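Residue numbers begin at 1 in each chain, while the letters A, B, ... track the order of the sequences. The shown structure was predicted, so the numbers you read here are calculated from the model rather than taken from an experiment.
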There are 2 protein chains.
Amino acid sequence: MNVVEKLEAADPSQEDRTQSIRDALRDAIIDRRLAPGAKLAEHEVGTLFDVSRTLARSVLQMLAYEGLVRIERNRGAFVASPTPEEARQVFDSRRLIEPGILRTAAERLTAVDIKALRVHLQQESRFMNERGPTARRAEIKASGDFHLMLASHAGNAVLLKFMDELVARSSLVIALYGRSGVSSCGHNEHAAILDALEAADVEQACLLMLKHITHIEADLDLRISEGLSLKDALVT
Amino acid sequence: MNVVEKLEAADPSQEDRTQSIRDALRDAIIDRRLAPGAKLAEHEVGTLFDVSRTLARSVLQMLAYEGLVRIERNRGAFVASPTPEEARQVFDSRRLIEPGILRTAAERLTAVDIKALRVHLQQESRFMNERGPTARRAEIKASGDFHLMLASHAGNAVLLKFMDELVARSSLVIALYGRSGVSSCGHNEHAAILDALEAADVEQACLLMLKHITHIEADLDLRISEGLSLKDALVT
DNA sequence: AAACAGGCGATTGTGTGCAATCAGATGGCA
DNA sequence: TGCCATCTGATTGCACACAATCGCCTGTTT
């Protein structure tokens, strides 16, 4: 019965609850079911996912490390509310990294990959045309996922993890300072980038990516720093 | 006695033991007092820093998130031993990011800042000329700190945190795959970069930085992947 | 003699309890 | 009536205890 024991040992669902909780909370934050500044009490998170405070705490600390959650000593955890300065830094970072990622990814993109990206864009536009908060959330997530899909094709896990962080924090920033409805202008730009990639015009793709990121940032209203953090304090 | 209460409340030393433990372990890893693959038992870490396993565990999880520690379920935490592939990804990331950081930092560097960097380089070369493991460790740390000092002048905390991670992981990589003594060739290159910056020749500085990173990577022996991870398994 | 099953020590995974701390409520005092 | 000190409920910080799991060792069987 040696072999059998080895086989039945694998129980992936129980394998790491902590990771699935992390992902669930992360998703809730980045598609804005949890507003910036919202309190994340350990006990509440724990009961919600049916684990003890120990694991809830561990998850919150992880999220704090990637900048999605802010932990104040003796006060607890809150969904992060990036300052305008932080917002600028996030977009500066993206402007620095994403063109580089694009250059590497372009070399490795196959026709199949591009096809998959196009399918993704179709879903994105479908969400864009729908109404309702659910579609909005799906659109936000899909928009970020486009960037992540591109990044994943660069074959650099280190950079991909960083991009994951940047995209997630961007979502928070847009939730806080976004003016128009989401990054609705962004969708066409995604398509344009993909067109350039398909035409093997890498430099053009990079240029479009830079413009795209800058457009997203330009759609923000980063002036009202004090006002929003005040309002945020009230919400908390 | 209202004001007095507020004042005596501040006890920075007790404020965050967890952070100081993290820093201590981190330093021990990046200046190679702890070899890649070394076991980091929770109880051992706890008693060493005189805290319970709870905090020790929390620290190990943090370090795992930034890639310095690998945690295997039900087996424990080990100092990470990056694969050659990971090593390449780290250096690719640095090649992508550091020139960009340099460009931003160059705009903000004052004469005073450059002076401070030169002083740092002097220390670096002092360590280089000394013998013994202590000097070696100091040299390794100082070499990484040069890059981090430059990065800090870019005024982007998000990128700085990422650079912190990259530099730390680079140290691990060099420990595993380094051929010659440390990055001894690197020191002169640091000086050359600083010269270019002082001459306000940013493009030259970026070029030198790229070459510098590539030189470090070229000094590694990334072929012997299987051999080393096997030896590593034995060491563990 | 070789190999496998089962037990054992050690280490991690997770829940819970207690002390410390904070925010808001309450009551006394000017 | 307004303000400040104090009290109280709730929440976090941390340690500890117990359960689960793993690797190793040993004894037995073929």
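Proximity of A/Arg73 to the phosphate of D/dC14: a side-chain N or O atom is located under 4.0 Å from OP1 or OP2. The phosphate of D/dT12 (OP1 or OP2) has a side-chain N or O of A/Lys39 nearer than 4.0 angstrom.
Rounding to whole angstrom units, CD of residue A/Glu72 and P of D/dT11 are separated by 16 Å. A straight line from CG of B/Leu60 to C1' of C/dG13 spans 14 Å, rounded to a whole angstrom. When rounded to the nearest whole Å, the span between CZ of A/Arg75 and P of D/dA10 equals 17 Å.
When the side chain to side chain contact (heavy atoms under 4.5 Å, CB included) test is applied to A/Ser93, the partners found at least two apart in sequence or on another chain are A/Leu166, B/Asn156, B/Val158, B/Leu159. Partners of B/Ala168 under the side chain to side chain contact (heavy atoms under 4.5 Å, CB included) rule, at least two apart in sequence or in another chain, are B/Arg26, B/Ile30, B/Leu68.
Listed by residue number, the members of residues 41-58 of chain A with any heavy atom below 4.0 angstrom from DNA chain D are A/Ala41, A/Glu42, A/Arg53, A/Arg57.
For the pair B/Arg70 and B/Ser81, the minimum side-chain heavy-atom distance is below 4.5 Å.
For B/Arg17, taking side-chain heavy atoms from C-beta onward, the closest of the listed nucleotides D/dG23, D/dC14, D/dT21 is D/dC14.
The residue among B/Leu40 and A/Asn74 whose nearest nucleotide of DNA chain C is located toward the 5' end is B/Leu40.
Proximity of a side-chain donor or acceptor of B/His120 to a complementary backbone N or O of B/Ala142 within less than 3.5 Å is detected.
A cation-pi arrangement is not found for A/Lys141 relative to A/Phe127, the charged atom failing to lie both closer than 6.0 Å to the ring centre and inside a 45° cone about the ring normal.
In this structure, B/His190 and B/His212 have perpendicular ring planes: the angle between them is above 60°, well past the 30° mark.
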